[in-house]
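Note sheet for the following structure.
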Amino acid sequence: MFMYTLCLRSLFTMYKNKLFEAELKRVQLYAVDVTLDPDTAHLHLILSDDGKQVHCSDERKSLPDNPERFSRCFCVLGNQSFSSGRFYFEVQVKEKTKWILGVTRESVNRKEHTKWSPKNGYWTLALYRNILMALDDRAVRLSLQSIPEKVGVFVDYEEGLVSFYNVGDAALIYSFTGCSFNEKLHPFLSGGTSLTI
């Protein structure tokens with residue numbers, strides 16, 4: 001009986017993995033090329049020339065504090081915005097110990113500290129001290145077999161869905177469902193270490 005249960009469990013795990021693999025391949029069909037917007041980057045963030053990487057600097061850049069720029073949090077938005085359809089992008093987080101990533105409404109407050117939650121226009125996943133959390137209206141601590149090295153973010157605007165995938169394991173990490181989108185969404189990154197989009 002014990003052997004039979006183990007075989008069933010193994011078959012179920014294999015089947016589930018195949019399903020997630022197929023699902024990840026399906027959402028990757030909606031991949032978009034994302035670059036980071038220097039006009040939104042906090043003054044301690046340094047962007048690469050191609051807009052694909054961001055890292056934190058000890059020195060504060062001397063740039064105008066324009067309305068688009070995050071002033072309090074080390075954040076940056078993607079140049080691209082989406083107000084319909086589906087889109088997908090990936091962020092390399094390998095060996096990073098602290099990050100927040102996802103999507104945000106265009107109108108979020110960029111000048112004050114705010115709680116990163118759907119209520120405030122953020123649909124995000126966070127890693128801090130090896131604890132992975134979905135920053136829902138109440139943070140949800142996630143237990144995973146391994147910390148992702150690359151995170152895929154998929155949005156279906158009309159369905160009100162934001163899903164996060166561990167690309168290496170082809171596994172779904174978390175989904176925000178029943179979201180109400182009524183304005184442009186931007187890719188969003190925050191972190192004290194370097195990230196690649």
Side-chain angles (χ1 to χ4, degrees), residues 32 34-48 51-84 87 89-93 96-142 148 151 153-157 160-164 173-197:
V32 293
V34 172
T35 54
L36 301 172
D37 182 357
D39 291 337
T40 66
H42 185 278
L43 294 174
H44 278 282
L45 294 181
I46 308 292
L47 273 57
S48 62
K52 291 289 190 180
Q53 293 184 322
V54 59
H55 72 272
C56 192
S57 168
D58 290 336
E59 292 181 26
R60 188 179 171 92
K61 289 184 291 185
S62 180
L63 291 170
D65 187 20
N66 56 308
E68 300 83 18
R69 190 176 309 286
F70 284 92
S71 298
R72 299 280 181 177
C73 307
F74 290 10
C75 305
V76 61
L77 298 183
N79 272 308
Q80 295 71 18
S81 64
F82 305 89
S83 54
S84 65
F87 65 96
F89 63 96
E90 294 179 347
V91 183
Q92 180 73 249
V93 293
K96 311 306 178 203
T97 57
K98 183 180 176 184
W99 46 260
I100 303 171
L101 60 89
V103 293
T104 185
R105 285 195 310 246
E106 191 168 68
S107 65
V108 290
N109 187 332
R110 304 177 194 190
K111 301 302 176 186
E112 296 175 11
H113 282 292
T114 187
K115 182 182 176 187
W116 288 307
S117 70
K119 181 178 164 188
N120 294 324
Y122 295 89
W123 293 267
T124 54
L125 197 67
L127 179 74
Y128 182 66
R129 294 185 178 170
N130 282 328
I131 298 170
L132 192 62
M133 292 176 290
L135 300 181
D136 214 324
D137 290 324
R138 285 188 175 187
V140 178
R141 188 171 175 165
L142 304 169
V151 176
V153 183
F154 173 69
V155 177
D156 187 323
Y157 195 96
L161 173 71
V162 181
S163 292
F164 296 88
I173 299 172
Y174 189 81
S175 287
F176 292 89
T177 58
C179 308
S180 181
F181 304 134
N182 52 17
E183 61 179 272
K184 292 178 180 176
L185 298 177
H186 286 265
F188 170 84
L189 296 180
S190 175
T193 56
S194 63
L195 297 170
T196 303
I197 199 157

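Positions are given from 1, in the same order as the sequence printed here. Note that the structure is a prediction, hence the values are computed from the model and not measured.
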- Message: To check you understand the geometry: which heavy-atom pair defines the closest contact between L45 and C56, and what is its length?
- Response: CD2-CA, 4.1 Å
- Query: Going through the checks in order, is the side-chain contact (heavy atoms from CB on, under 4.5 Å) test met by R141 and I131?
  - Reply: CA-CA 7 Å; R141 188 171 175 165; I131 298 170; 3.6 Å; yes
- Item | H186 side chain vs T104 backbone, donor-acceptor pair below 3.5 Å | no
- Task: For C73 and H113, work out which heavy atoms get closest and say how close.
- Result: SG-ND1, 3.6 Å
- Note on the structure: Given the options V155, V34, D156, F87 meets side-chain contact (heavy atoms from CB on, under 4.5 Å) only with V155
- Does the side chain of V91 come within less than 4.5 Å of W99's, by heavy atoms? no
- Message: Quick check against the 3.5 Å criterion: does R69 have a side-chain atom that pairs as donor or acceptor with the backbone of A41?
- Response: yes
- Query: Is there side-chain contact between L125 and L132, with at least one heavy-atom pair below 4.5 Å?
  - Reply: yes
- Pairwise distance CD1(I46) to CD(Q53) - rounded to 0.5 angstrom: 12.5 Å
- Minimum-distance pair of heavy atoms, taken over all atoms of P118 and D137: CD-OD1, 3.5 Å
- Task: Start with the C-alpha gap between R105 and L185, add the side-chain angles, then the distance that decides, and say whether side-chain contact (heavy atoms from CB on, under 4.5 Å) holds.
- Result: CA-CA 5 Å; R105 285 195 310 246; L185 298 177; 4.2 Å; yes
- Of the non-hydrogen atoms in A126 and I100, which two are nearest, and what is the gap between them? CB-CG1, 3.7 Å
- Message: Let me confirm one number: the OG1-CD distance from T40 to E106, rounded to the nearest 0.5 Å.
- Response: 10.5 Å
- Describe, in one word, how the ring planes of F188 and Y122 are oriented to each other, choosing from parallel (under 30°), tilted (30 to 60°) and perpendicular (over 60°). perpendicular
- Task: Could you grab the distance from atom NE2 of H55 to atom NE2 of H44, nearest 0.5 Å is fine?
- Result: 12.5 Å
- Evaluate the side-chain contact (heavy atoms from CB on, under 4.5 Å) criterion for residues R110 and R72: first the C-alpha distance (whole Å), next the side-chain angles of each, then the deciding distance (0.1 Å), finally the verdict. CA-CA 7 Å; R110 304 177 194 190; R72 299 280 181 177; over 6 Å; no
- Task: For atom NZ of K115, decide whether the heavy atoms of other residues, nucleotides or ligands shown that lie under 6.0 angstrom number more than 12.
- Result: yes
- Task: On the 0 to 90° scale, with breaks at 30° and 60°, tag the F74-H42 ring pair as parallel, tilted or perpendicular.
- Result: tilted
- Note on the structure: Rounding to 0.5 Å, atoms NZ (K52) and CG (L47) come to a distance of 11.5 Å
- P67 and K111 have their tightest heavy-atom pair at O-CE, 3.7 Å
- Query: Between D37 (side chain) and G78 (backbone), is there a donor-acceptor pair under 3.5 Å?
  - Reply: no
- Query: Between E183 and S107, is there a donor-acceptor pair closer than 3.5 Å when you use the side chain of the first and the backbone of the second?
  - Reply: yes
- Would L101 and V93 satisfy side-chain contact (heavy atoms from CB on, under 4.5 Å), going step by step from the backbone distance to the final call? CA-CA 10 Å; L101 60 89; V93 293; 3.8 Å; yes
- What one should report as the nearest heavy-atom pair of F89 and P187 is CZ-CB, 3.6 Å
- Task: Give me the one residue out of Y174, W116, W123 that meets side-chain hydrogen bond (donor to acceptor under 3.5 Å, both in side chains) with D136.
- Result: Y174
- Query: Can you check whether N66's main-chain N or O pairs, donor with acceptor, with D39's side chain at less than 3.5 Å?
  - Reply: no
- Message: For the OG atom of S163 and the CD1 atom of I173, what is their distance to the nearest 0.5 Å?
- Response: 10.5 Å
- Task: Find the distance between CG (L43) and CZ (F70) and round it off to the nearest 0.5 Å.
- Result: 12.5 Å
